[in-house]
There are 2 protein chains.
Amino acid sequence: MTSTSPRPGTDTSGAGRTPRTGDSATVQLAVSTVIFTLHRAEAGEAPRLWIPLVRRIREPFKGLWALPGGPLLPDEDLASSAARTLAATTGLSPRYLEQLYAFGAIDRSPDDRVVSIVYWALVGPDEAVRTAERENVRWVPADALTGLAFDHDRIVAYALWRLRSKLEYSQVAHALVGELFTLAELRSVYESILGSPLDPANFRRHVEASGVIEATEQYRTGGRHRPARLYRTRRDVRMADDGPLSEGQGPRPSGS
Amino acid sequence: MTSTSPRPGTDTSGAGRTPRTGDSATVQLAVSTVIFTLHRAEAGEAPRLWIPLVRRIREPFKGLWALPGGPLLPDEDLASSAARTLAATTGLSPRYLEQLYAFGAIDRSPDDRVVSIVYWALVGPDEAVRTAERENVRWVPADALTGLAFDHDRIVAYALWRLRSKLEYSQVAHALVGELFTLAELRSVYESILGSPLDPANFRRHVEASGVIEATEQYRTGGRHRPARLYRTRRDVRMADDGPLSEGQGPRPSGS
DNA sequence: TCAAAAGTGTTGATGATACACCCATGC
DNA sequence: GCATGGGTGTATCATCAACACTTTTGA
């Protein structure tokens with residue numbers, strides 16, 4: 001029912017490149033990343049999704065904000081390129097990283113022809129805040145973004161859609177809580193991203209039945225209420241990025 | 001529960017390119033397509049999925065079979081490139097076309113560095129058979145493929161997995177029946193791709209409830225049994241490729 | 001009249017939702 | 001004690017799988 005319609009088309013990531021208008025037949029290849037974290041702007045507010053943007057220092061779109069990214073280096077694979085960009089922008093390594101889409105519309109960059117392979121990533125909440133704002137890097141709320149360079153508005157919207165979809169059938173949310181967490185904390189991640197409250201009782205049953213968490217004997221005290229048991233994510237839980245597995249491992253399980 | 005794990009990694013499509021080992025720092029960009037059709041090898045057999053392969057006429061992997069594809073031309077977008085390749089190989093236009101994944105592992109092509117953006121497509125059953133075998137083009141059953149050039153074995157397996165997954169929550173199957181079809185015909189598409197029989201009664205209820213079909217007043221006679229009513233797919237049904245919509249249309253629906 | 005597939009009905013299992021209710025803590 | 005969230009129990013409802021049964025044709 002939620003399904004929508006096809007057609008790729010848009011193109012992304014303006015790899016900072018000199019517009020070699022000379023040999024126009026060249027298609028440039030870039031890798032960009034939409035990096036999400038959960039962060040509350042003010043104490044007491046509900047957490048929201050934030051992403052880092054980078055100010056463009058060259059044409060096209062000089063001065064505008066854009067997704068972090070750059071040309072693919074010959075000696076790195078696609079995911080490594082995304083992780084490198086992520087580290088360069090935030091100083092962090094991703095808790096989760098998945099390929100989003102390849103954007104290749106002809107007119108997505110005014111002069112060049114750029115095909116961008118876009119990844120999306122999750123980083124931990126506490127860490128992201130500490131990497132405050134550098135020059136030419138700014139964290140902004142991910143919803144209702146406009147005015148980005150290239151087709152990056154649309155790319156962020158698509159990444160958001162993918163994150164929300166993925167919440168419902170995978171364990172990505174666990175990338176946004178600490179190693180030990182209460183069920184209320186995990187539920188808060190879901191509620192913040194989905195934007196709607198969840199029934200605590202049903203949420204508990206759901207995640208307990210899924211078998212992805214493991215109870216500890218520790219409790220979180222301090223609230224003026226009954227202490228909450230701490231859980232951890234089971235080690236053997238995979239986050240499911242629905243991409244093919246990397247070379248070392250077998251191909252995607254063919255069984256039902 | 002079916003979810004598996006992340007990590008992209010593999011790389012695909014060996015665009016036929018001269019191995020310019022001179023300027024080694026160049027990353028080449030190719031587009032390949034996994035083209036599925038349903039076809040019964042012998043009358044009376046159950047239909048199976050088949051895909052066309054192209055024999056490589058250059059190194060690397062000269063003489064081996066590979067997915068149809070080639071370098072991205074500067075004046076075409078990604079989906080157009082896939083559709084062009086599809087037409088060149090089969091003489092057909094796709095009933096369904098969706099981006100699969102971008103493969104970019106460093107060692108996927110022995111000498112070059114090639115990043116392949118792979119699409120998958122569905123073409124109609126009758127048509128595909130008519131485009132018989134050309135020289136250097138061969139249709140083969142899609143399951144249990146081995147010995148393809150590059151990492152194409154793995155890519156086909158992943159495309160198969162995606163097709164099967166998509167059957168369950170989208171309307172892709174309708175691309176493999178004619179404009180008018182009986183429910184038994186539509187069910188047969190599902191059964192062939194999933195590899196297991198479906199209960200006719202429950203299947204009927206399921207697709208009727210989904211609202212994607214429309215009853216006509218025509219019937220298919222000729223079987224030695226009660227004639228079956230013919231249905232058509234409702235015009236406003238989208239196939240859902242889960243990619244972002246193309247530029248003309250709005251971005252992915254943000255609602256719920 | 002019989003086989004075979006079209007099409008309808010019914011039942012039981014399962015899972016999700018809504019919500020009542022008890023538990024344990026800080027103040 | 002009492003407010004607050006932690007945690008448990010349970011009734012209701014929708015969905016789905018299994019399968020009995022009726023309909024309508026070709027032979």
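Residue numbering restarts at 1 for every chain, and letters A, B, ... go by the order of the sequence lines.
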For atom [atom1] of [X] and atom [atom2] of [N], their distance in whole Å:
X      : N      : atom1 : atom2 : answer
B/L198 : D/dC16 : CG    : C1'   : 13 Å
A/E208 : D/dT8  : CD    : C1'   : 10 Å
A/Y219 : D/dG7  : OH    : C1'   : 11 Å
B/R205 : C/dT8  : CZ    : C1'   : 8 Å
B/R204 : C/dA5  : CZ    : P     : 15 Å
A/L183 : D/dT4  : CG    : P     : 22 Å
B/H206 : D/dC16 : NE2   : P     : 7 Å
B/I213 : C/dA6  : CD1   : P     : 13 Å

For B/W120, the option from B/Y96, B/W161, B/Y101 that meets ring pair (Phe, Tyr, Trp, His ring centres under 6.0 Å):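 Result: among B/Y96, B/W161, B/Y101, B/Y96 is the only option passing the ring pair (Phe, Tyr, Trp, His ring centres under 6.0 Å) with B/W120.
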Sugar-phosphate only, base, or nothing, as touched by B/R229 at under 4.0 Å among non-hydrogen atoms: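 Answer is sugar-phosphate: B/R229 comes under 4.0 Å of backbone atoms only.
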Sugar-phosphate, base or nothing in reach of A/A201, heavy atoms under 4.0 Å: base
First encountered from the 5' end of DNA chain C, between A/D199 and B/T182: B/T182
Most 5' of A/N202 and A/R226 on DNA chain C, judged by nearest nucleotide: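 Whichever sits nearer the 5' end wins; that is A/N202.
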Under-4.0 Å side-chain N/O to phosphate OP1/OP2 contact, A/R224 with C/dT25: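 The answer is no; no side-chain N or O of A/R224 sits under 4.0 Å from OP1 or OP2.
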Donor-acceptor side-chain pairing of A/R162 and A/Y158 below 3.5 angstrom: yes
Of A/R187 and B/T221, the one whose closest DNA chain D nucleotide lies more 5': A/R187
Basic-acidic side-chain contact under 4.0 Å: A/R232, A/E214: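 The answer is yes: the pair qualifies as a salt bridge.
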Base of D/dG6 paired with side chain of A/R220 (donor-acceptor, under 3.5 Å): no
Result of checking B/E217, B/E208, B/E185 against B/R229 for salt bridge (charged side-chain N to carboxylate O under 4.0 Å, His left out):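 Result for salt bridge (charged side-chain N to carboxylate O under 4.0 Å, His left out) with B/R229: B/E217.
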Enclosure of B/R40 CZ (heavy-atom neighbours >12, cutoff 6.0 Å):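 Count over threshold, so yes.
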